[in-house]
Trainee: 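Pasting a structure here, questions to come.
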Amino acid sequence: MNKGFFQRETLTVARQLIGKLLVRTVDGYRVSGIIYETEAYDGERDLACHARSGKTARNAVMYGDGGHAYVYFTYGMHWMVNCVAGVVGYPAAVLIRAIHPIEGIYHIRRQRTPIKEKNWCNGPAKLTKALSITNKLNGVNLCVRDSPLHIELGLSIPDGWISSTPRIGIQNTPEPWKSKPWRFIADLSKLKKQF
DNA sequence: TCTTCGATTGTCT
DNA sequence: GACAATCGAAGAA
């Protein structure tokens with residue numbers, strides 16, 4: 001994807017990332033999946049966003065240019081991957097919550113065994129495990145094909161396949177942020193019929 | 001299928 | 001010192 005794709009309103013980026021292909025390159029081979037669930041985190045005003053208390057060493061990448069990866073560690077054991085949205089100076093990102101595996105199934109199976117196949121990539125920390133995404137990829141450019149992690153055009157998803165709900169795992173966030181319908185999720189059963 | 005609960009450590013107050 | 005943009009096992013139904 002070109003950089004302009006990411007330099008837009010965070011909610012637009014979150015919606016448009018549904019159906020795109022997330023590609024991880026490991027030792028020259030591709031491990032990838034179609035994105036079908038995302039969440040938008042939009043600026044310092046958004047009290048669910050990591051940038052709510054200003055710039056820190058951890059969230060610095062979010063303040064940079066759109067089209068880069070923001071990878072962080074949480075719950076003492078999990079990595080999460082986001083696409084930075086917007087332009088330099090405006091902290092915003094879109095969390096990738098779930099993907100449908102397409103390439104590199106062998107790699108994914110090896111990472112996720114003995115978990116059942118349907119649960120390989122249906123959660124933000126699950127897909128980072130499946131694609132071997134860690135803090136080493138924090139800040140990488142998602143717009144170039146030779147990057148170890150990047151986004152490609154994938155499928156066009158009809159609006160009718162997508163629903164939006166409040167974001168997950170932000171129970172202690174004050175309103176109105178807790179209830180903002182900034183989570184986008186596509187109907188996986190319909191998506192699967194494309195293959 | 002649903003609910004509960006322990007795991008485990010970087011980051012910020 | 002508290003908490004976190006979660007996961008997966010175990011037990012109940």
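Letters go in sequence order (proteins before strands), and every chain restarts at 1.
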Trainee: Between P on dC12(B) and CZ on Arg52(A), what's the gap in Å once rounded to a whole number?
Mentor: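 Distance, rounded to whole Å: 10 Å.
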Trainee: Between Arg183(A) and Glu37(A), does at least one N-O distance fall below 4.0 Å, as a salt bridge requires?
Mentor: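 A salt bridge links Arg183(A) with Glu37(A).
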Trainee: Can you work out whether Thr74(A) or Pro114(A) has the more 5'-proximal nearest nucleotide on DNA chain C?
Mentor: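 That would be Thr74(A).
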Trainee: Looking at Phe5(A), is Arg8(A) sitting on its ring face, NZ or CZ under 6.0 Å from the six-membered ring centre and within 45 degrees of the normal?
Mentor: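 Pair Arg8(A)/Phe5(A) counts as cation-pi.
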Trainee: Can a salt bridge be assigned to the pair Lys192(A) and Asp187(A) using a cut-off of 4.0 Å between side-chain N and carboxylate O?
Mentor: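 Not counted as a salt bridge, because no side-chain N and carboxylate O are separated by less than 4.0 Å.
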Trainee: How many whole angstroms separate atom NE2 of His50(A) from atom P of dA4(C)?
Mentor: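 My rounded result for the distance is 10 Å.
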Trainee: Applying side chain to side chain contact (heavy atoms under 4.5 Å, CB included) between Asp65(A) and each of Val84(A), Val88(A), Asn141(A), report the one that passes.
Mentor: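 Filter result, single survivor: Val88(A).
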Trainee: Without swapping roles, check the side chain of Asn59(A) against the backbone of Thr56(A) for a donor-acceptor pair under 3.5 Å.
Mentor: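 Pair found, side chain donor or acceptor close to backbone of Thr56(A).
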Trainee: Just checking, any donor-acceptor pair under 3.5 angstrom between side chains of Glu44(A) and Tyr63(A)?
Mentor: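 Judged by distance alone, the side chains do pair up.
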Trainee: What residues in residues 121-134 of chain A put a non-hydrogen atom under 4.0 Å from any atom of DNA chain C?
Mentor: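 Those residues are Gly123(A), Pro124(A), Ala125(A), Lys126(A).
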Trainee: What is the separation between atom NZ on Lys178(A) and atom P on dA4(C), rounded to the nearest whole Å?
Mentor: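 Those two atoms, NZ and P, are 12 Å apart.
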Trainee: For DNA chain C, which ranges pair as stems of 3 or more consecutive Watson-Crick or G-U pairs, with both donor-acceptor distances under 3.5 Å?
Mentor: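 So the stems come out as B:1-7 with C:6-12, B:9-12 with C:1-4.
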Trainee: Below 4.0 angstrom, which residues in residues 76-98 of chain A have at least one non-hydrogen atom near DNA chain C?
Mentor: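 The stretch gives Gly76(A), His78(A), Met80(A), Asn82(A), Leu95(A), Arg97(A) as the residues lying under 4.0 Å from the strand, ordered by number.
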Trainee: Tell me whether the OP1 or OP2 atom of dC12(B) has a side-chain N or O from Thr56(A) closer than 4.0 Å.
Mentor: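 The answer is yes; a side-chain N or O of Thr56(A) sits under 4.0 Å from OP1 or OP2.
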Trainee: Using whole Å, report how far CZ of Arg58(A) lies from P of dT13(B).
Mentor: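 From Arg58(A) CZ to dT13(B) P: 11 Å.
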Trainee: Does dT6(C) have OP1 or OP2 sitting under 4.0 Å from an N or O in the side chain of Tyr75(A)?
Mentor: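 Tyr75(A) to dT6(C) OP1/OP2: side-chain N or O found under 4.0 Å.
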Trainee: Determine, for Arg97(A) against Glu39(A), whether the closest basic-nitrogen to carboxylate-oxygen distance falls under 4.0 angstrom.
Mentor: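 Result for this pair is yes, salt bridge flagged.
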Trainee: Looking at Arg112(A), does any N or O in its side chain come under 4.0 Å of the phosphate oxygens OP1/OP2 on dG8(C)?
Mentor: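 True: Arg112(A) side-chain N/O within range (under 4.0 Å) of dG8(C) OP1/OP2.
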Trainee: Can a donor-acceptor pair be found, under 3.5 Å and without considering hydrogens, that links the side chain of Glu175(A) to the backbone of Ser179(A)?
Mentor: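 Judged by distance alone, yes, a pair lies under 3.5 Å.
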Trainee: How many whole angstroms separate atom CD of Gln171(A) from atom P of dT6(C)?
Mentor: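 Whole-Å distance recorded here is 11 Å.
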Trainee: Under 4.0 Å, counting only non-hydrogen atoms across every strand here, what does Thr173(A) touch: a base, just sugar-phosphate, or nothing?
Mentor: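 Counting heavy atoms under 4.0 Å across all strands, no contact is made by Thr173(A).
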Trainee: Could you tell me how far apart Tyr70(A) (OH) and dG10(B) (C1') are, to the nearest whole angstrom?
Mentor: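 That distance rounds to 11 Å.
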Trainee: Just checking, Arg52(A) and Tyr41(A): is the charged tip under 6.0 Å from the six-membered ring centre and within 45° of the axis?
Mentor: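 Negative - Arg52(A) is either too far from the ring of Tyr41(A) or too far off its axis.
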Trainee: Would you call Phe73(A) stacked on dG10(B), i.e. ring centres under 5.5 Å apart with the planes less than 30° off parallel?
Mentor: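 No, aromatic ring not over the base.
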Trainee: Scan Arg167(A) against the nucleic acid and name what it touches under 4.0 Å (heavy atoms): base, sugar-phosphate only, or nothing.
Mentor: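 No contact.
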Trainee: Taking NZ, NE, NH1 and NH2 as the nitrogens, is one of them in Asp159(A) or Arg15(A) under 4.0 Å from a carboxylate oxygen of the other?
Mentor: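 Salt bridge between Asp159(A) and Arg15(A), a charged N being under 4.0 Å from a carboxylate O: yes.
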Trainee: Between Asn82(A) and Ala93(A), is there a donor-acceptor pair closer than 3.5 Å when you use the side chain of the first and the backbone of the second?
Mentor: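 Pair absent, no side-chain N/O of Asn82(A) close to backbone of Ala93(A).
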Trainee: Find the distance Ile170(A):CD1 to dT6(C):P and express it as a whole number of Å.
Mentor: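 The distance from CD1 of Ile170(A) to P of dT6(C) comes to 9 Å, rounded to the nearest Å.
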Trainee: Can you check the Lys116(A) NZ to dA9(C) C1' distance for me, whole Å?
Mentor: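 In whole Å, dA9(C) C1' lies 11 Å from Lys116(A) NZ.
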